[in-house]
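The chain is numbered in sequence order, starting from 1. Small disclaimer: the values here were computed from a predicted structure and weren't measured.
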Amino acid sequence: MRGNGERCLGICALALGLGIFITAVFPVGCLMFLVAFLLIGCGIACLKRRELYEDRCLESAKIPAGYSAGHFRNEGINGAWPSYSGLTIPIERAGHMELGLQFEDILCYEATAAISSAHEESLETAIPEYCPDIARIVEATGRLTIREKQLNEERCTISGSVKVTVLYTSEEATGLRSLTMSVPFSCVMDDRTLTRCGTVCAEGRVLLTEARAVTSRKLYIKVLPEITAVGYRAVKRRLCTGTQEESTIRTQCRNVELSLLTAISEKGFSFTDDVLLDDGCLPEDLLLHRMCPSISSVQRLGNKLMIKGDMWFHAIYRSEDQGLRQYCGSLPFSQILDVAELPENAEYILCPQIGECDARILRTEGGNGFGLTAHVDVCIKAYQQRTVNYLADIYSTRCDTSVERQEVTIPLAAPARTVSQDAQLRLEFDGSQPFISVTAVDCSPVEVAAEEARTALRATLHVRLLYLDESGAPVSTERTVEVGAETGEVGGTVTASCCQITMQFSGSACQVRIPVDFSIGCEGEKTISGITAVTLTDVAAASGPSLILCRMGCEETLWDVAKRYHTDEDAIRAANQLENDEDAAKYMLLIPRIR
């Protein structure tokens with residue numbers, strides 16, 4: 001109350017001095033002038049002294065750098081005290097004090113559940129003039145390409161096209177013929193989980209491809225594309241990691257290990273290479289081709305990411321003698337991507353997808369083959385391991401402590417585990433070795449079944465085959481093959497993918513081997529009871545017992561006992577000569593008082 005009394009005294013002195021001064025003007029003696037000036041000077045001095053007192057209080061209330069601004073409250077007669085620059089001035093008899101806390105922000109990305117959408121698209125069109133008339137359609141395959149993604153609040157629009165290759169025979173020409181048409185599509189996904197997502201990764205497959213000849217020069221094409229999208233939103237979680245220094249404060253901190261998805265980015269690169277045929281065969285027409293990229297190694301060099309991998313290429317072509325042939329092989333590649341926005345000291349997982357691609361017949365002096373060009377889209381995810389030391393509990397040995405808490409849920413993510421298993425398909429035939437080729441492979445969603453200590457993964461492959469029958473006519477058929485694998489506990493989404501295919505002929509049989517990769521997601525969350533505010537309340541000095549004896553309760557620790565009696569763990573250990581905390585539950589404990 002000292003500062004308020006001086007302010008009142010100064011105001012009264014000023015008022016009295018001004019009154020006497022006015023009275024002295026009509027004439028009163030010189031003595032009255034002197035008294036007036038003395039009173040005015042006294043009032044000004046009192047006000048100056050009040051300002052110096054406030055400055056000293058403000059200086060003494062400064063909180064160390066790195067801590068949040070705490071404030072002090074007095075719930076006495078005068079209510080709240082005036083504040084300065086986010087601080088309230090503590091007073092000697094303050095009843096409550098909110099402790100300054102230090103916080104640490106955890107920045108990461110949270111993935112939504114996978115969202116799938118399928119819808120039918122159809123197209124009726126005339127075939128190009130350079131193509132011969134259609135007599136019989138043998139096969140139709142589709143390859144999906146995503147060109148654009150637009151995200152607006154809860155709506156995601158994904159557009160692209162399905163490139164349909166139709167294999168057919170014609171009465172105007174010998175041998176198998178092909179033509180390619182593009183069927184555009186636009187998929188709209190409305191889902192609340194996409195709110196606040198900044199990135200959407202999408203992939204697609206073609207569930208159905210049909211082609212029907214309306215006339216010899218007109219085609220009706222129907223496709224059923226399925227798009228699967230996952231949204232990623234940036235999140236920030238805040239944990240209390242410390243408090244301002246205070247001799248009477250006791251803190252309990254714990255370490256938590258976090259595996260986080262700290263960055264996600266989409267890049268792209270172009271692939272160009274040539275393939276030369278070893279058999280010296282001269283291809284006349286490229287009927288059908290597929291490309292599939294895979295990445296084998298990733299290395300960070302400054303702001304660049306060097307990647308190495310292989311481009312698997314499969315082609316069915318017609319030779320000059322009108323016979324069917326196929327080529328299958330892998331081409332190595334290396335690329336450098338600019339990743340200045342991605343964090344260093346992270347584990348990078350790259351998911352490549354083939355975009356627009358093209359293959360053409362190549363005739364050079366060095367030989368015949370194919371020229372390949374493709375655009376590869378790459379989704380890059382950066383994972384980091386982080387250890388956070390957070391404040392788990394706190395109390396004061398002198399004051400009553402009120403702790404406010406809030407549940408903090410942190411999304412966890414780690415690189416997906418991969419389990420590989422080969423799918424085997426055996427084809428038998430009579431007579432000489434025929435032409436057999438795989439035109440398309442589709443993998444169904446994975447079935448997950450928990451079996452005792454293991455988890456069984458199962459998927460069904462739909463394999464489209466092109467072969468020549470006994471009369472030499474091209475025919476297509478479909479086979480299904482089951483593939484399964486076992487793994488440990490599954491903590492996320494499981495998907496299956498397959499691309500590369502090998503065929504081995506032996507006698508009167510053909511063994512088709514299709515490697516299948518089961519990708520097991522590792523997602524989860526960690527919930528921590530985080531401290532958000534700590535309030536200390538002065539308690540009146542009371543004459544407590546000079547000696548306290550207690551026995552620890554079930555699942556109670558020395559920390560719990562020390563917190564209950566406003567004492568210290570080390571003081572309890574010293575008073576009871578405890579060599580380890582496990583012995584504390586065996587005896588009656590002497591609880592010393594902290595003075």
Side-chain angles (χ1 to χ4, degrees), residues 104-115 146 149 151 156 193-194 196-203 228-239 255-270 293-310 333-355 375-390 408-419 491-495 497 517-526 528:
E104 182 175 346
D105 290 335
I106 300 173
L107 306 176
C108 60
Y109 279 84
E110 180 182 26
T112 67
I115 307 168
I146 296 176
K149 295 178 293 184
L151 186 61
C156 180
T193 60
L194 295 175
R196 299 190 305 276
C197 288
T199 303
V200 172
C201 293
E203 59 182 12
T228 302
V230 177
Y232 296 87
R233 68 173 64 90
V235 297
K236 180 174 72 173
R237 299 292 185 262
R238 173 167 289 188
L239 284 178
N255 286 333
V256 59
E257 300 289 338
L258 302 175
S259 179
L260 306 173
L261 174 60
T262 54
I264 183 168
S265 180
E266 293 181 300
K267 303 289 182 178
F269 64 87
S270 297
S294 63
I295 295 177
S296 56
S297 67
V298 180
Q299 184 179 2
R300 178 78 181 247
L301 299 173
N303 291 332
K304 307 294 182 180
L305 204 63
M306 178 176 289
I307 63 174
K308 294 182 179 180
D310 296 283
F333 67 83
S334 62
Q335 294 287 334
I336 297 178
L337 303 178
D338 187 3
V339 291
E341 73 279 9
L342 298 182
E344 298 182 2
N345 302 321
E347 182 178 359
Y348 306 102
I349 302 299
L350 280 67
C351 303
Q353 290 186 27
I354 195 73
H375 181 81
V376 180
D377 298 314
V378 182
C379 178
I380 307 175
K381 300 177 183 178
Y383 295 91
Q384 288 182 301
Q385 299 292 327
R386 185 173 175 182
T387 301
V388 179
N389 183 265
Y390 70 96
V408 180
T409 301
I410 303 172
L412 304 180
R417 293 184 290 115
T418 301
V419 179
T493 305
V494 182
T495 59
S497 61
D517 292 331
F518 291 93
S519 179
I520 305 169
C522 300
E523 301 96 15
E525 59 184 25
K526 180 71 174 181
I528 298 173

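A distance of 10.5 Å separates CG in Leu239 from CG in Asn389, rounded to the nearest 0.5 Å. Once rounded to the nearest 0.5 Å, the distance linking NZ of Lys308 with CD of Gln335 reads 12.5 Å. Atom CD1 in Ile295 sits 11.5 Å away from atom OG in Ser334 (nearest 0.5 Å). Annotation: the span from Ser519 atom OG to Asp517 atom CG amounts to 8.5 Å, rounded to 0.5 Å.
Listed for the Gln384 side chain is no donor-acceptor partner under 3.5 Å among the backbone atoms of Leu258. Of the possible donor and acceptor atoms, one in the side chain of Thr112 sits under 3.5 Å from a partner among the backbone N and O of Gly231.
Ser259 pairs by the side chain to side chain donor-acceptor pair (under 3.5 Å) definition with Gln385, not counting sequence neighbours. Annotation: side-chain contact (heavy atoms from CB on, under 4.5 Å) contacts of Arg417 (sequence neighbours excluded): Thr487, Ile520, Cys522. Glu110 meets the salt bridge (Lys or Arg N to Asp or Glu O under 4.0 Å) test with Arg233; sequence neighbours excluded. Shown here are the salt bridge (Lys or Arg N to Asp or Glu O under 4.0 Å) partners of Arg238, two or more places apart in sequence or in another chain: Asp105. The side chain to side chain donor-acceptor pair (under 3.5 Å) test applied to Tyr383 returns no partner, not counting sequence neighbours. Not counting sequence neighbours, the partners of Asp377 by the side-chain contact (heavy atoms from CB on, under 4.5 Å) test are His375. Every residue two or more places apart in sequence or in another chain that forms a side-chain contact (heavy atoms from CB on, under 4.5 Å) with Leu107 is listed here: Lys236. In terms of the side chain to side chain donor-acceptor pair (under 3.5 Å) criterion, Tyr109 has no residue partners (sequence neighbours excluded). In this structure Asp338 satisfies the side chain to side chain donor-acceptor pair (under 3.5 Å) test with no other residue, sequence neighbours excluded. For Asn345, there are no side-chain contact (heavy atoms from CB on, under 4.5 Å) partners, not counting sequence neighbours.
Nearest heavy atoms, Pro411 versus Val235: CG-CG2, 3.8 Å. A pairwise comparison of heavy atoms in Leu342 and Ser265 identifies CD2-CB, 4.0 Å as the closest pair. Closest approach of Ala111 and Val230 over heavy atoms only: CB-CG1, 4.1 Å.
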Indicate every side-chain donor-acceptor pair of residues 347-355 with a distance under 3.5 Å to a residue at least two apart or in another chain.
from   : atom 1 : to     : atom 2 : distance (Å)
Tyr348 : OH     : Arg300 : NH1    : 2.5
Tyr348 : OH     : Pro343 : O      : 2.5
Gln353 : NE2    : Ala202 : O      : 3.1

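Counting heavy atoms from C-beta on, the side chains of Lys381 and Ile264 come closer than 4.5 Å. For the pair Leu194/Ile115, a side-chain contact is recorded, criterion being any heavy-atom separation below 4.5 Å from C-beta on. Inter-residue side-chain proximity for Leu261 and Tyr232 is flagged as met; some heavy-atom pair is nearer than 4.5 Å.
Test Leu260, Val388, Ile410 against Arg237 for side chain to side chain contact (heavy atoms under 4.5 Å, CB included) and you get one pass: Ile410.
Other residues, nucleotides and ligands contribute at most 12 non-hydrogen atoms within 6.0 Å of the CD atom of Glu203.
Screening residues 258-270 for salt bridge (charged side-chain N to carboxylate O under 4.0 Å, His left out) gives Lys149-Glu266, Lys267-Glu341 as the qualifying pairs, with residues at least two apart or on separate chains.
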